There are 2 protein chains.
Amino acid sequence: MTRDDVAGDATSSASRSPVTLRVVAREAGVALATASRALDPRSRYVAEDVRRRVRETAERLGYRPNASARATSTGSAPTIAVLVSDIRDPYNAKLVHGAIEAAQPAGLMVTINGTEHVIDDEIRVVRMLRSQRPMAMMLTGTRTGNMASRTALLQEIERYQHDGGPVVAAGDDEFPFDTAVVPRRAGARALITELARVGYASFALVASDVASVATREWEAGVVEGARQAGVRIDHVTTMRVPMTRDGGFAAASRMLRDGHRVDAILAPSDTMAIGVMSAARAAGLTPGQDIGVAGFDDVFETDDITPGLSSVDLALEKVGRSAVDLLLTAPTPERRRATFEPRVALRATTPARR
Amino acid sequence: MTRDDVAGDATSSASRSPVTLRVVAREAGVALATASRALDPRSRYVAEDVRRRVRETAERLGYRPNASARATSTGSAPTIAVLVSDIRDPYNAKLVHGAIEAAQPAGLMVTINGTEHVIDDEIRVVRMLRSQRPMAMMLTGTRTGNMASRTALLQEIERYQHDGGPVVAAGDDEFPFDTAVVPRRAGARALITELARVGYASFALVASDVASVATREWEAGVVEGARQAGVRIDHVTTMRVPMTRDGGFAAASRMLRDGHRVDAILAPSDTMAIGVMSAARAAGLTPGQDIGVAGFDDVFETDDITPGLSSVDLALEKVGRSAVDLLLTAPTPERRRATFEPRVALRATTPARR
DNA sequence: CTGAAAGCGCTTACAG
DNA sequence: CTGAAAGCGCTTACAG
């Protein structure tokens, strides 16, 4: 009753080569071309019994078509290349997850390339990506970097487009590609409208001027909403800080030190809002009690963290999914924009006032 | 002073084909083989001036080598295929981020494939991945699923290995591959040791029996640590729940309803611990005050969420990086395990007692 | 419906 | 050091 029959041949492991279509064809007794067709679901004109026989043979041999060979034959790989600044950022993770969800049923792989928020790094990465001849490219997250870098990036991407590669963006409406637009402006507008409705009348904004487009859109939405709702934006603190917890802390600290007193502080991301809360506490204010705090993104999605952070759900997974859908449908002569419904989530950091 | 010279030919955009090595060679006045060598940094025996000329030509034409063609020629793609259950989970995101960091300098792409925690889905994905002929495969996160699925998955992976493909795991020590092991056991041991040191004497564990290996390792570490430190594990509630906030809530609720009273409740992930905190509050207990709560993973990494959740930093990014390093170094006859130093982070949910 | 052949864009012995 | 040629594993007109 030994188990020797179960154990494989452990010694002769590596470096055999995978089963090839040629082998499958030979074993099934057909020509290479026939085997190719039999295995291609889109190919008409194959006798049913031949098809079955070839498929069974392929299955039995554990045949897997060589995607690279297929790609060099057809000219492009069944791959969507996604540029993402930092996959640990839940904002990006949600976009990417949505993209993967939409890509898999279409038989497409998603390739992730980190760029660490540095636009010059992105240029390098796009160069690398062009080599892959991916079916499409997708830009995600927020761009930073100066005008020159930006132009260089666009140029590298345009080379890809020039060769017929479709490009889509998921995020801000800042590039001349089809874009699944994160509803920042509408979301910001809805947020301040809601807050006004539950009794907030004066606001301070803390923002980073680094991730410019994202912040600008958010700020524009807040200002529009404030005007409509008849509430005041008393102070805007824009600092050259990253959109991180520490950035939010720094900006809010300065604002509070300057003596501004408002009903609520708004930040352009939840991560920054966490820093705002810390700054408030450091200044002796309890968020949700002495002062309202609201973020943006809704990446925490929870009331379990106390106090629950008010935020705006930007439908990021849908945005990611929709970006892939844009790639999957035929391009139109004019540029397309997919839009989404944001959802305001008021939680413990902004209880109703009065 | 028009800008026509800058604008490209906007009308005739798509479907031209990328510049090919053949074109570069012709333009540079050399043979195809010579161009290939001139562009290959590893290739000796190319006259310096020829190399320079070819490189300049390639640069000027915006040439990018066709990775697929190269891959079909060499037999494998410069790609690490990563299997990940859910990229939105910060645990996975950190592992993947580490992997990307290590892969990029080596000129390797990382391919992400979501599997939604379903092992049968993983089998499908591995089949797909085999087609890519990636340089290596990396398993990440926690496996679930029954014995049969598990065997089928291993079998599919073994086919890949059989063809000479290296496989590495980043996570639990549950597969017969080189593994960068997440230090769960040591981390759990260290956690309870620390807690004992600051005055905690009795504990309850809530766990999921779904993600078995991860939970088992954690539990084993806790039990070992408790024995060494001379503290009591009063109760273990293991429920058939996912390792989520809701899973933690359900298990902790049942435990508390059963009337168990302990100094602290421990959960095998931060996400579950968040649920535990909610359950405690629902039972009228304030975490960090009436009862201690500690998670595991340290995915939140922060004191800013109040009360700050005590946890164990499992060095996940290092684990991810190291997994790739294992792939990049020559394999050894015996299986390798890379290990890491966990770091206990005691925060507000477990203040020192007495 | 099937097969022989050309071609996709590279790499790499092999022979100068 | 360089070039002509074969080969990687597929797909796809083209001619039965």
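Predicted, not measured: the structure shown is a model, and the values here were computed from it. By convention in this document, chain letters (A, B, ...) are assigned in the order of the sequence lines, proteins followed by strands, and residues within each chain are numbered from 1.
With DNA chain D read from its 5' end, the first of the two nearest nucleotides for B:Arg133 and B:Val46 is the one closest to B:Val46. Mapping A:Arg22 and B:Tyr45 onto DNA chain D via the closest heavy atom, the residue that lands nearer the 5' end is B:Tyr45.
If you check every strand for non-hydrogen atoms under 4.0 Å, A:Ala33 touches a base. Here A:Ser36 lies in heavy-atom contact (under 4.0 Å) with a base. A:Arg44 comes within contact range of no nucleotide atom at all, as no heavy-atom separation falls under 4.0 Å.
Note on A:Thr20: a side-chain N or O is less than 4.0 Å away from OP1 or OP2 of D:dC10. In this model, the phosphate group of C:dG3 is approached by a side-chain N or O of A:Thr34 to a distance below 4.0 Å at OP1 or OP2. Considering only side-chain N and O atoms, A:Tyr63 lies nowhere under 4.0 angstrom from the phosphate OP1 or OP2 of D:dG9.
In this structure, a donor-acceptor pair under 3.5 Å is present between the side chains of A:Thr329 and A:Arg336. Counting only N and O atoms by type, the side chains of A:Asn66 and B:Thr72 include no donor and acceptor under 3.5 Å apart.
Nearest to the side chain of B:Arg37, among C:dC10, D:dT12, D:dA4, sits D:dA4. The listed nucleotides are C:dG9, C:dC1, D:dG3; the one nearest the side chain of A:Ala47 is C:dC1. Nearest to the side-chain atoms of B:Ser73 among the listed nucleotides D:dC10, D:dC8, D:dT2 stands D:dC8. Side chain of B:Leu32, nearest nucleotide from C:dG3, C:dC10, D:dT11: C:dC10.
If you take CZ of B:Arg26 and C1' of D:dG3, they are 17 Å apart, rounded to a whole angstrom. The distance from atom CG of A:Leu21 to atom C1' of D:dC8 is 13 Å, rounded to the nearest whole Å. Going from atom CZ of A:Arg42 over to atom P of D:dT12 covers 7 Å, rounded to whole Å. Atom CG of B:Asp40 is separated from atom C1' of C:dG9 by 15 Å (rounded to the nearest Å). Put simply, CZ on A:Arg53 is 12 Å from C1' on C:dT2, counting in whole angstrom units. Distance, A:Leu39 CG to C:dC1 P: 17 Å, rounded to whole Å. Computed from coordinates, the A:Arg70 CZ to D:dT12 C1' distance equals 13 Å when rounded to whole Å. Atom CZ of B:Arg130 is separated from atom P of D:dG9 by 15 Å (rounded to the nearest Å).
Between C:dT12 and C:dG16, the distance separating the two C1' atoms is 16 Å to the nearest Å. Comparing C:dA5 with C:dC1, their P atoms are spaced 24 Å from each other, to the whole Å.
Contact annotation: the side chain of B:Met137 never approaches that of B:Ile80 to less than 4.5 Å [non-hydrogen atoms, C-beta and beyond].
Ion pairing between A:Glu317 and A:Lys94 fails under the 4.0 Å rule for side-chain N and carboxylate O. A salt bridge links B:Arg337 with B:Asp173: the closest approach of a Lys/Arg side-chain nitrogen to an acidic carboxylate oxygen falls below 4.0 angstrom. In this structure, A:Arg124 does not pair ionically with A:Glu156, as no charged nitrogen and carboxylate oxygen lie closer than 4.0 Å.
Scanning all heavy atoms of the two residues, the minimum distance from B:Arg335 to B:Thr179 falls at NH2-OG1, 3.4 Å.
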**Fill in**
For DNA chain C, the dot-bracket notation using Watson-Crick and G-U wobble pairs below 3.5 Å, [ ] for pseudoknot-type crossings and | for other-strand pairs, is |||.||||||||.|||
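The CG atom of A:Leu327 lies 9.0 Å from the CG atom of A:Leu108; values are rounded to the nearest 0.5 Å.
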